[in-house]
**Student:** 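Below: one structure in structure tokens.
Every value quoted in this text rests on a predicted model; they were computed, and no experiment measured them. In what follows, every chain begins at residue 1, and chains take the letters A, B, ... in the order their sequences are listed.
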2 protein chains.
Amino acid sequence: MSTAFDLDAFLPYRLSVTSNLVSRLFARRYAEEFGLTIAEWRVIAVLGADGTATASAVRARTGMDKAKVSRAVAGLEARGLIRHVAHRGDRRLDPLALSAAGRRILDAIVPRARALEAELFATLPPGTREALEDALHAIARRATVMGAGPGDGPD
Amino acid sequence: MSTAFDLDAFLPYRLSVTSNLVSRLFARRYAEEFGLTIAEWRVIAVLGADGTATASAVRARTGMDKAKVSRAVAGLEARGLIRHVAHRGDRRLDPLALSAAGRRILDAIVPRARALEAELFATLPPGTREALEDALHAIARRATVMGAGPGDGPD
DNA sequence: GGAAGATGGTTTCAAGTGAAACCAATGTCA
DNA sequence: TGACATTGGTTTCACTTGAAACCATCTTCC
């Protein structure tokens, strides 16, 4: 006779299932309404918040893989949504910023994203959002300490 | 001037980042210690809890893709960790159960998984785990209502 | 100055993924 | 009975992914 184990109450599992569900939902909306992938939307959001950022700044901020950022940037550039900011000095760096078109897209997405998020919490007990956010931050920090770092290795 | 938008406080984003971090952490441990993928471990957990289950029962319980379950089952079978339960009647069904070796692995993993989960919450404010679990359940239900269902289409 | 190494970013490659096509067995309804 | 749809499960295919290899630039230190 084995130890009873309830997968449903196992947190890494619940976290993954819920996250995948939500990601799928949002990915579909972003794709339908704006033709953007999640990675691309993240890059736009970071550039919108920070004004200017290099690929590795985006990586540091979002935890996305190097290659993933590179591909998202290529996609956005192909559609003219970002521009390269001239940078005298270190020529390895390639600081990016939103183009006018990029900023227009950002301005269009932000309210939609907020509305979707609000809809997601509409029927839930008040305080859920805040509690969840705190818990997630704490967990993420802890997981990092425990050695989950994306790109553990060098480079 | 655009609306300020704080990606860090955007829940779908935080959820995804945290979930990926945790998944990576656990995936690494399962792989190192038991040579299992997360999908395989989930199948084992379901079979452990339910005794017997068909592939689509596993799919219904875990939300995993049809193909993913099929591949996980193939992997487990190749290693002799599950067995097919004879089923007179509907010959499309292929009920599965843990083999003796499979049960031994389950018995070995469960305490490790629990310990890892406990370690993840060790330094967090008490109540975090329960609050998080409730919130995640509620969000998952809500996302499903909003149309995030895996395998929306027929079949 | 110039090795040796670090850093930013792109590309390649093998593996994993989900959607759809597919196969086999049942169910349904005339 | 026999079309026709349904269901359980596997396989194929095109696409995505992350790790590692790579290229270019810059830094360090002799």
Side-chain angles (χ1 to χ4, degrees), chain A residues 16-17 19-21 23-25 27-28 30-31 36-43 46 52-78 82 84-85 87-96 148-155, chain B residues 16-17 19-21 23-25 27-28 30-31 35-43 46 52-78 82 84-96 148-155:
Chain A
S16 167
V17 169
S19 172
N20 289 342
L21 234 39
S23 283
R24 240 194 303 273
L25 178 63
R28 183 148 34 194
Y30 292 146
L36 291 177
T37 66
I38 289 199
E40 287 168 347
W41 148 239
R42 285 182 185 173
V43 171
V46 169
T52 245
T54 62
S56 43
V58 173
R59 178 185 184 284
R61 213 122 139 39
T62 62
M64 284 196 289
D65 187 80
K66 222 177 171 186
K68 206 168 183 175
V69 174
S70 178
R71 292 188 265 247
V73 165
L76 292 172
E77 190 180 9
I82 59 181
H84 297 262
V85 177
H87 178 86
R88 315 174 305 297
D90 194 330
R91 267 177 312 180
R92 290 168 306 181
L93 270 52
D94 182 15
L96 305 164
D152 248 354
D155 201 354
Chain B
S16 167
V17 169
S19 172
N20 289 341
L21 233 39
S23 282
R24 241 193 302 273
L25 177 64
R28 184 150 30 193
Y30 293 146
L36 292 176
T37 66
I38 288 198
E40 288 168 346
W41 148 238
R42 284 183 184 173
V43 172
V46 170
T52 246
T54 64
S56 44
V58 173
R59 176 185 184 286
R61 212 120 141 39
T62 61
M64 284 196 288
D65 187 80
K66 224 177 169 185
K68 206 168 183 176
V69 174
S70 178
R71 293 188 263 247
V73 165
L76 292 172
E77 189 179 8
I82 58 181
H84 297 264
V85 176
H87 180 85
R88 314 173 305 297
D90 194 330
R91 266 176 314 179
R92 289 168 305 182
L93 270 53
D94 183 14
L96 305 164
D152 249 354
D155 199 9

**Student:** When all nucleic acid strands are considered with a 4.0 Å heavy-atom cut-off, which category describes B/A67: base, sugar-phosphate, or nothing?
**Tutor:** base
**Student:** A/N20 CG to C/dG18 P: how many Å, rounded?
**Tutor:**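 That distance rounds to 8 Å.
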**Student:** Take the protein atom NE2 of B/H87 and the nucleotide atom P of C/dT26, then report the distance between them rounded to whole Å.
**Tutor:** 9 Å
**Student:** Quick check: does any side chain N or O of B/T37 sit under 3.5 Å from a backbone N or O of B/E40, one acting as donor and the other as acceptor?
**Tutor:**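 Yes, because the side chain of B/T37 sits within donor-acceptor range (under 3.5 Å) of the backbone of B/E40.
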**Student:** How many angstroms lie between CD1 in A/I38 and OG1 in A/T62, if you round to the nearest 0.5 Å?
**Tutor:**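 If we round to the nearest 0.5 Å, A/I38:CD1 and A/T62:OG1 are 12.0 Å apart.
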**Student:** I want to check one thing: is the phosphate of C/dT7, taken as OP1 and OP2, less than 4.0 Å away from some side-chain N or O of A/S56?
**Tutor:**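 For A/S56, the contact criterion (side-chain N or O under 4.0 Å from OP1 or OP2 of C/dT7) is not met.
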**Student:** What integer distance in Å separates A/E40:CD from D/dT17:C1'?
**Tutor:** 15 Å
**Student:** For A/D94 and A/H87, which I'm curious about, is there any donor-acceptor pair between the side chains at under 3.5 Å?
**Tutor:**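 Short answer, no.
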**Student:** Output the single nucleotide from C/dT17, C/dG9, D/dT25 whose closest atom is nearest the side chain of A/D90.
**Tutor:**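 Nearest to the side chain of A/D90 among the choices is D/dT25.
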**Student:** Starting from P on D/dG8, measure out to NE2 on B/H84 and report it in whole angstrom.
**Tutor:** 17 Å
**Student:** Quick check: does any side chain N or O of A/S70 sit under 3.5 Å from a backbone N or O of A/K66, one acting as donor and the other as acceptor?
**Tutor:** no
**Student:** Compare side-chain N and O positions of B/K66 against OP1 and OP2 of D/dG9 and report whether any pair is under 4.0 Å apart.
**Tutor:** no
**Student:** Do the side chain of B/R92 and the base of C/dT26 come within less than 3.5 angstrom through a donor-acceptor pair of N or O atoms?
**Tutor:**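 Answer is no: no donor-acceptor pair is held.
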**Student:** Where along residues 69-78 of chain B does a heavy atom come under 4.0 Å from DNA chain C, residue by residue in number order?
**Tutor:**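 B/R71 - these, ordered by number, are the residues of the stretch whose heavy atoms sit under 4.0 Å from the strand.
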**Student:** Take the protein atom CZ of B/R59 and the nucleotide atom C1' of D/dG8, then report the distance between them rounded to whole Å.
**Tutor:** 11 Å
**Student:** Nearest whole angstrom, please: distance from the P of D/dG18 to the CZ of B/R28.
**Tutor:**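 One finds 13 Å between P of D/dG18 and CZ of B/R28, rounded.
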**Student:** Between B/S16 and A/R42, does any side-chain donor sit less than 3.5 Å from a side-chain acceptor?
**Tutor:**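 Indeed, the side chains of B/S16 and A/R42 share at least one donor-acceptor pair under 3.5 Å.
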**Student:** Give, for atom CG of B/L96 and atom CG of B/L76, the distance between the pair rounded to the nearest 0.5 Å.
**Tutor:** 9.0 Å
**Student:** Out of D/dT25, C/dT26, C/dG9, which nucleotide sits closest to the side chain of A/R91?
**Tutor:** D/dT25
**Student:** Using a distance-only test with no angle check, is there a side-chain donor-acceptor pair under 3.5 angstrom linking A/R92 and A/S56?
**Tutor:**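 Their side chains do not contain a donor-acceptor pair, so the 3.5 Å distance test is not met.
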**Student:** Could you check how far CE of A/M64 sits from C1' of D/dG18, rounded to whole Å?
**Tutor:**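 In whole Å, D/dG18 C1' lies 14 Å from A/M64 CE.
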**Student:** Taking atom C1' of D/dC26 as reference, at what distance in whole Å does atom CG of A/D94 sit?
**Tutor:**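 Between C1' of D/dC26 and CG of A/D94: 16 Å.
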